[in-house]
Amino acid sequence: MMTGYRPLLWPGGLALAGTLGLAVVALVALLYAAPDLSVDSVWDTYTLRVLRFTMMQALLSTALSLAFALPVARAFARRTSFPGRTLLLRLMGLPLVLPVIVAVFGIAAVWGQNGAISNAMEAGGLPGLSPLYGLSGILIAHVFFNMPLAVRLLLGAWQAIPGESWRLAGQLGMGPWAIFRLIELSRLIAVIPGVAMLIFLLCFTSFAVVLALGGGPRNTTLEVAIYQALRLDFDIARAVGLALIQVATCALIAVIFFRFARTPESQATEERLITRPDTGYLSGRIIDAIALVTGGLWVLGPLSAILIAGLSGPVVDVLSRGEVWSAALRSVSVGVGAGLLSLLLGIALLATTRDLAVRAKRTRLADRLELAGSLTLVISPIVLGAGLFVLLLPVVPIFDWALPLAALVNGIVAVPYVLRILAPTLRRTAEHHDRLCASLGLRGWSRIRHLEWPASRRGIATAWALASALATGDLTAIALFGTQRDATLSLMLYRALGSYRMDEAAVLALLLVSLCLAVFVVIEGGIGGRTRT
Amino acid sequence: MDAPGLELSGVRFGYGDWQVTYDLAVPPGSFTALLGASGAGKSTLLSLVAGFERPIAGVIRAQGKDITNLAPSDRPVTTLFQEHNLFPHLTALQNIGLGIDPNLRLTRSQKSDIAGALKRVGLVGMEARLPRELSGGERQRVAIARSLVRQRPLLLLDEPFAALGPALRRDMLDLVDALRHDTGMTVVMVSHDPADARRVADITAFLHDGAIVALGPTATLLDNPDVPALAEYLGV
């Protein structure tokens, strides 16, 4: 507003240099590492096959997740009060924070050749299920993660329908079909493209699922192919080529995403009190009940399998091994370090964007800078890691630095979460209280102590806890940098799964998920403080 | 005669096509109402006096002292906003205490000053309450108590009582008016309601298109609106 206002630019500048800057350096390093890179050397039948498979599994995963999520979300939207509704919604949130490799174990325990369903079928005289590996396994895992995500996002759209619409629909005597066609459909058409794009991007860049369940070269995605080229074949030129294809494709998807799709609101906390007029029909009740039960079991199955198999496994034997605990310690160090890094980067960027948005009235520039901080979504952890790999390989003993590098990659990758959690709070604090602070002379340390910290400590705690928990269970970066010497728990679990030591894997999976939960709870409770009532 | 409690001379401000110019002088200890349609520049005048905006040209004086270039916290001014006058996570005592010391290090006598201020605004013993445990009117009373302990001679009301019901709003205006008589502070209030002005303001200024087009004793001005824009605003 005022011409003379000089916004606080350096914290955001540093943060962007640390996230986007590093990603760009990594990309340049990739280009530089393979100077004789030619289209022919990369664009061969192998690459084409990998690209085709990557696309196909992402498309199928997206379609299946949405098709499953729509009836479940609609059931949640229509049934606003039934016993266990809150619990069921919470359950739907769990796959989002579950370490991927742990979920893979849980899915194998339910859907695998020797899983619960297969065993039940054999006991009933039916032929059992075939092995989980390959496309079907990948699809089951992706739907396990993304159906609940889609439910939460779609439910947000449903809850954004104003209560007046329901009153009006009731007054006009609209039936379920008319309600769907005239009220719900337009909302869904507005959000489904965004949700679909997000899920497609997540499945396109999926790593741990495909690494664990993609059997052989026929079922490999770009992400895993990059990893294999770097770590198994040590073919840097191929890794570089694949990484560039990966970045180009993701960038294309992201451009389409940001141009055409509205980001759906994920806050599904406030419940509408006005009841819909179409909750009384018996057919609707039956459909909703089926959707809710199926959706609940879909998520609950693998989760309870993790718990049951873990507790009935060789707990004492596995937990008495020193190497398990040192692996656990490594996981936690990577997690907490990564969380702290992304918190610092996120807050630094937000300090600048908030100043720009609220005080310098440059909202669009601020939003763009925050978007730039989230661009690491496009440059996937594997590409970022591959870039750092070829950048640092000639300079440092890279495998001695596995843990800090894993923390670095995970920290950068988690910055978008921190931005999403903290941006609204920080901006609101400035919008509401800047003038009061100015008139009271509250600035610097006093402002942080009496205003910023109390206003945002809950958000800071949640952001740090989430970023740390995600990084604690990460397999991507540590698979790239880790060795036998410094395996984290997730890498140890992946190896146990790979060599079919399922009993051991069961205990490791339960230990890892408990560890992530503990990291989350300790950080959130310790930093966020008790809720004042 | 004393120097004016508040004086704006040739104060200009604006961005783009939108420009305001203010010339105004009110005696110390007076209560002035600023009337006018939305967008006439009432709140902008308060923002300039409080220091949230800096004028392009002109001088602002409080009791004869040039305050044009002072930081908001260094001005002899307290502003009551429509909302967000209190920090939601701090108690009434802490919110008032921040008006005395931004580091919230309070001596025993300062704490008893705060208790006294709370008593004067009718909130005896409510030191430990959080804003959410207070009603809308009580929250604004806490903010008024803070303006009392800050001992700033100029109080600006940027529609702090707009969200309250008519009876409560009259109570609050009477409270501010009584405190003005006790302390001798100068009050400037933005208002949408001529009845509010008649109740408490000795002076009324009418703003139109970014300038003060009528100024005078409230009753005189409102009873005989000889400026066409004011007559139109009042609907007479």
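Here is how names work: the chains are called A, B, and so on, in the same order as the sequence lines, proteins then strands, and each is numbered from 1.
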Chain B shares the most heavy-atom pairs under 4.5 Å, among Ala455(A), Gly441(A), Ser439(A), with Ser439(A)
Heavy-atom contact with chain A under 4.5 Å, split by part of Asn85(B) | backbone
Report the distance from atom CG of Leu157(B) to atom CE of Met172(B), rounding to the nearest 0.5 Å.
-> 9.5 Å
Sort Arg75(B) into side chain, backbone, both or neither according to what part of it lies under 4.5 angstrom from a heavy atom of chain A.
-> neither
Identify which part of Ile100(B) has an atom lying under 4.5 Å from any heavy atom of chain A, answering side chain, backbone, both or neither.
-> neither
Does any heavy atom of chain B fall under 4.5 Å from the side chain of Arg449(A), the backbone, both, or neither of them?
-> side chain
Measure the acute angle between the ring planes of Phe52(B) and Phe81(B), then classify it against the limits of 30° and 60° as parallel, tilted or perpendicular.
-> tilted
Derivation of the salt bridge (charged side-chain N to carboxylate O under 4.0 Å, His left out) call for Asp367(A) and Arg364(A) = CA-CA 5 Å; Asp367(A) 290 346; Arg364(A) 278 187 55 178; over 6 Å; no
Contacts of Asp196(B) that satisfy side-chain hydrogen bond (donor to acceptor under 3.5 Å, both in side chains) - sequence neighbours left out | Arg169(B)
Assess whether salt bridge (charged side-chain N to carboxylate O under 4.0 Å, His left out) is satisfied between Arg6(A) and Asp355(A), documenting all intermediate values.
-> CA-CA 9 Å; Arg6(A) 292 182 52 161; Asp355(A) 208 45; over 6 Å; no
Please look at Arg447(A) and chain B and tell me whether the side chain, the backbone, both or neither of the residue comes under 4.5 angstrom of a heavy atom of that chain.
-> neither
